[in-house]
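A short worksheet on the structure shown next.
Fair warning: this is a prediction, and the values are worked out from it, not measured in the lab. Here is the naming used below: chain letters follow the sequence lines, and residue numbers restart at 1 for every chain.
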Amino acid sequence: MFRYILFRIGAMVPTLILASLVIFTIIQLPPGDYVESYIGELLASGESVDLARAEYLREEYGLNEPMWKRYLLWVGNFITGDFGYSFEYQRPVSEVVGNRLWLTILVSFATIILTWVIAFPIGIYSATHQYSWGDYGLTFFGLLGLATPNFLLALVMMYFAQTIFGVSIGGLMDKEFIDQPMSWPKFVSILEHLIVPTVVIGTSGTAAMIRRIRANLLDELQKQYVVTARAKGVPPFKALVKYPLRMSLNFFVADIGSLLPAIISGAEIVAIVLSLQTTGPLLIAALQSQDMYLAGSFLMFLATLTVIGVLLSDIALGFLDPRIRLQGGAER
Amino acid sequence: MGAKMPPAAGTGKATPVGKPVSGVASHDIIRVDNLHVAIDLKGTDLEVLRGASFRIPAGKTVALVGESGSGKSIMSQAILGILPNVARITGGSIWYRENQTDTPVDLASLPDNSPERVKLRGGKISIIFQEPMTSLSPLHTIGNQIAEALQLHRGLAKSEAQPTVIAMLDMVGFPNPDAAWSMYPMELSGGLRQRAMIAMALICHPALLIADEPTTALDVSMQAKILGLLNDLQDKLGMAVLLITHDLGVVANMADEVVVMYHGQIMESGPVEDIFNDAQHPYLKALLHAVPSLDMGYDEKLQSLRDIDHEIPTSMRDVVQQRQGEAGSVLLSVKNLQKSFTAKKSKGWFSNTTSSVKAVDNISFDIMRGECFGLVGESGCGKTTTLKMLVRALKPDSGSVDWYDSDGTTDLLSLEGADLKAMRRKIQMVFQDPFSSLSPRSTVLATLKEPMEVHGMGSGRDQAEYAAELMRLVGLQPTYLGRYPHSFSGGQRQRIGIARALALRPELLVCDEPVSALDVSVQAQVLNLLKQLQTELGLTYIFISHNLAVIRYIADRIGVMFQGQMVELATREALFENPVHPYTRALLDVVPHADLDHPLDFDRINKDMAAEGRQWPAPFAAELSDGSTSEMEMISLHKDHQVLVRRGTSPEDLNS
């Protein structure tokens with residue numbers, strides 16, 4: 001097991017190098033660079049452009065260097081914790097992202113908790129009452145949730161909130177609290193604003209999770225060892241939780257790895273529609289304006305989190321399931 | 001609950017019940033009275049138990065016999081209160097009384113999850129299942145799962161339960177019970193898992209143990225050991241046993257009373273002597289004749305419960321005559337075949353150790369044209385590995401396999417590309433599990449056509465016509481071609497598997513335990529079909545089985561394998577009449593006979609068979625007690641009777 005973990009950590013290095021190459025290539029793909037689109041923007045708004053300053057900027061950020069040199073520079077800085085400088089915000093990337101990070105994590109966590117709280121009881125009910133009216137009804141709503149695009153749901157909810165209740169549900173807090181220090185009224189305001197994004201972002205995830213819990217649990221419920229447990233005199237609820245439910249959780253644990261990047265990326269499109277101050281819209285804007293360090297560092301950050309998340313999932317699976325822990329390595 | 005227990009079971013009209021055993025001064029722990037159970041099939045009820053009545057006397061073994069679908073398992077589930085959701089008791093009662101003085105309780109009137117029934121389950125009534133591989137949870141340790149019963153029924157903490165559990169594991173024959181406490185089921189062999197299951201069932205000293213086909217999934221020697229264990233534990237703990245089985249050999253060795261079930265009704269019941277010596281009901285008589293046994297004549301034919309008619313298509317007839325002319329010459333010659341597997345075992349956090357196991361150890365044999373060559377041995381002895389090398393599914397480490405036909409000699413192991421593909425047409429396989437060996441997503445037509453398509457035989461229309469002929473060949477309606485495998489029974493599926501193997505008109509059919517997953521009632525049917533097809537189509541078979549009676553019924557010559565070696569090779573008559581190798585003798589000793597005068601010697605069996613290798617007399621042991629080792633070789637006793645002995649042993653030495 002220990003060797004396995006060491007090996008997996010070692011295998012992360014080439015994966016990340018490959019990811020950084022792909023990310024770097026992609027953000028370099030559009031013609032031009034940030035300075036060019038910056039100049040274009042200035043010209044479009046009718047301002048005069050100081051070519052000397054443009055050249056200075058290019059020099060400063062190494063934009064005139066050859067491709068491989070820029071790549072090495074970027075990766076080198078990344079390793080030492082310097083995520084670069086955002087052209088657009090004129091601030092270090094770590095600061096730009098950092099400001100929005102905790103709100104993003106808040107929204108994501110609220111969403112994940114909501115998903116689990118709703119999906120688990122419903123999924124278990126559907127599996128243990130297969131083909132009952134309850135199962136059919138919940139399945140219907142689940143499929144509905146699965147089929148509705150999140151951003152559409154966001155627009156619909158915004159419309160109804162505005163026309164029926166007369167409240168604006170955009171943002172994550174009332175306008176007067178933005179950039180204010182934390183206080184009780186601000187906290188309450190955030191909680192109020194959290195409800196709609198959480199529901200909107202969580203809907204499809206909840207629906208998908210219900211279906212998966214139901215399917216996995218149904219497979220396990222038919223297994224012989226469940227009958228063994230009942231025949232041993234284990235009370236029905238404990239017989240469900242200790243054996244088939246525990247067994248059906250493998251998929252869920254395997255999923256936790258992919259949650260890590262999802263927490264940080266902050267549901268981009270819904271965040272734009274609801275104008276949430278999370279990292280999602282930041283990433284999109286950075287890609288549009290070719291704010292190379294911001295976009296690149298952000299994507300690289302997500303890639304790293306993905307790899308770490310998958311590793312954590314695999315280790316957790318190894319601890320939870322003796323078959324995975326003990327079976328590896330047999331060969332013919 | 002308040003109702004009075006009926007004076008005797010069997011007051012139901014359609015259920016003639018035998019007289020109670022005389023001279024047994026005990027009460028009945030279970031008395032099933034006119035029990036009806038129905039299964040809800042999309043709104044309509046299907047009665048699976050139709051007024052069944054029988055009794056289980058305290059401390060005795062009652063065998064419940066019948067083919068699959070007769071309602072045996074439903075009966076055990078009804079007694080335990082673990083019926084599947086779709087099934088429910090629609091009438092009758094199950095009277096339970098632990099001690100003579102207790103008031104009987106009608107279990108049928110209590111809901112499955114009522115506290116009374118939950119308390120009985122695992123505490124007073126427990127069960128072991130057929131399939132030891134799946135009946136334990138893979139995620140929990142053996143100790144955890146066994147201790148759970150003690151925690152539930154005795155209110156012990158897990159740590160308090162540990163000594164009791166380890167003592168029980170010792171009792172059921174775990175070699176190292178302390179280590180077994182924290183082991184997972186996947187680390188144990190099938191036999192040990194079944195022992196763990198038995199330990200779990202008996203940990204609370206139940207008054208009744210239901211054993212639902214406890215040995216069907218195990219090979220003969222393991223079966224004998226588990227039966228011996230059950231006998232032994234019954235003596236020690238004084239429980240009653242309800243033994244559900246279709247093996248009449250097991251019944252003869254274990255049961256005090258026998259209950260025969262057919263279509264949800266009790267056909268016949270009574271003491272085991274009456275049932276065996278004087279079977280009344282035609283169904284039981286038929287069942288007794290449908291099971292191959294070691295006591296039947298060599299040319300006696302099994303009477304299958306439901307015979308099938310099949311016809312040989314004209315297109316096959318001419319090949320047959322040509323083949324029959326060549327019968328008796330060598331078709332396939334295997335020389336010095338070897339195969340080792342390396343297993344990597346993770347021992348700790350840092351180190352990996354590898355161990356190498358000789359799965360097939362230097363075996364040689366010839367297969368004659370037109371014969372059925374049988375391979376027997378315990379599971380893990382290398383039978384299947386040998387087969388896989390013959391069909392080129394595994395690469396041997398060394399050795400040769402030569403194929404002889406009119407074109408001369410072909411070295412099977414060196415064939416590649418088009419030559420290999422052409423050779424594959426001549427050797428086809430029939431598999432053990434009729435459920436997983438057919439694709440559930442292909443119709444029978446697609447399944448039968450696939451090999452023809454792969455080998456480009458004829459046009460699509462020809463193939464479809466030929467598929468219809470194949471169906472008739474195995475006694476199935478060609479109109480079934482459009483159906484999917486799930487609409488067929490196990491026996492029918494196995495016949496489809498045989499039809500698929502015959503689609504390419506092979507010369508050699510390799511059968512890997514083709515009947516061991518089938519019910520007794522269809523086992524005879526499939527065996528008879530295979531036998532008929534062999535003579536009618538002039539086929540050559542290699543037939544693997546762990547069931548000696550099946551091998552004896554179908555094979556002409558038999559090889560006995562033990563730990564990768566061929567220890568004895570002889571004609572059927574020579575092997576069964578005059579077994580020479582001690583392993584063959586031991587194997588024959590552990591087969592339960594359906595004959596009361598021929599009981600198993602459980603004391604002898606409980607010694608571990610694998611360990612007996614070292615106790616074998618000098619000519620058969622590679623390593624003697626003084627530490628001297630010797631090369632082993634096959635010597636001929638007569639024509640067609642060879643045995644593995646130390647180099648330099650002469651046949652005369654073995655006669656003394």
- Any side-chain heavy-atom pair of B:N113 and B:R121 under 4.5 Å: yes
- Under a 4.5 Å heavy-atom cut-off, does chain B meet the side chain of A:V226, its backbone, both or neither? neither
- Item | Salt bridge flag under 4.0 Å for residues B:D45 and B:R88 | yes
- Per-residue contact mode, A:K238 against chain B (heavy atom under 4.5 angstrom): side chain
- Using non-hydrogen atoms only, which part of B:E187 is less than 4.5 Å away from chain A: side chain, backbone, both, or neither? side chain
- Query: What do you reckon, is CZ of A:F301 surrounded by more than 12 foreign heavy atoms closer than 6.0 Å?
  - Reply: no
- Query: Can you tell which of A:A229, A:A231, A:P236 has the highest number of heavy-atom pairs within less than 4.5 Å of chain B?
  - Reply: A:A231
- Item | Side chains of A:F251 and A:I213 in contact at under 4.5 Å (non-hydrogen atoms) | yes
- Task: Please indicate whether B:F435 has more than 12 foreign heavy atoms, meaning atoms of other residues, nucleotides or ligands, lying under 6.0 Å from its CZ.
- Result: yes
- Assess the side chains of A:Y225 and A:E220: does a donor N or O sit below 3.5 Å from an acceptor N or O? yes
- Message: Closer than 4.0 angstrom, basic N to acidic O: yes or no for B:K119 and B:E116?
- Response: no
- Specify which of B:N85, B:I210, B:L136, B:T141 makes the most heavy-atom pairs with chain A at under 4.5 Å. B:L136
- Select one option (side chain, backbone, both, neither) describing which atoms of B:I82 are under 4.5 Å from chain A's heavy atoms. both
- Item | Most chain A-contacting option - heavy-atom pairs closer than 4.5 Å, from B:P138, B:A201, B:A149 | B:P138
- Engaged part of B:L139 at the chain A interface, taking heavy atoms whose separation is under 4.5 Å: both
- Message: What part of A:K223 gets within 4.5 angstrom of chain B, counting heavy atoms only: side chain, backbone, both, or neither?
- Response: neither
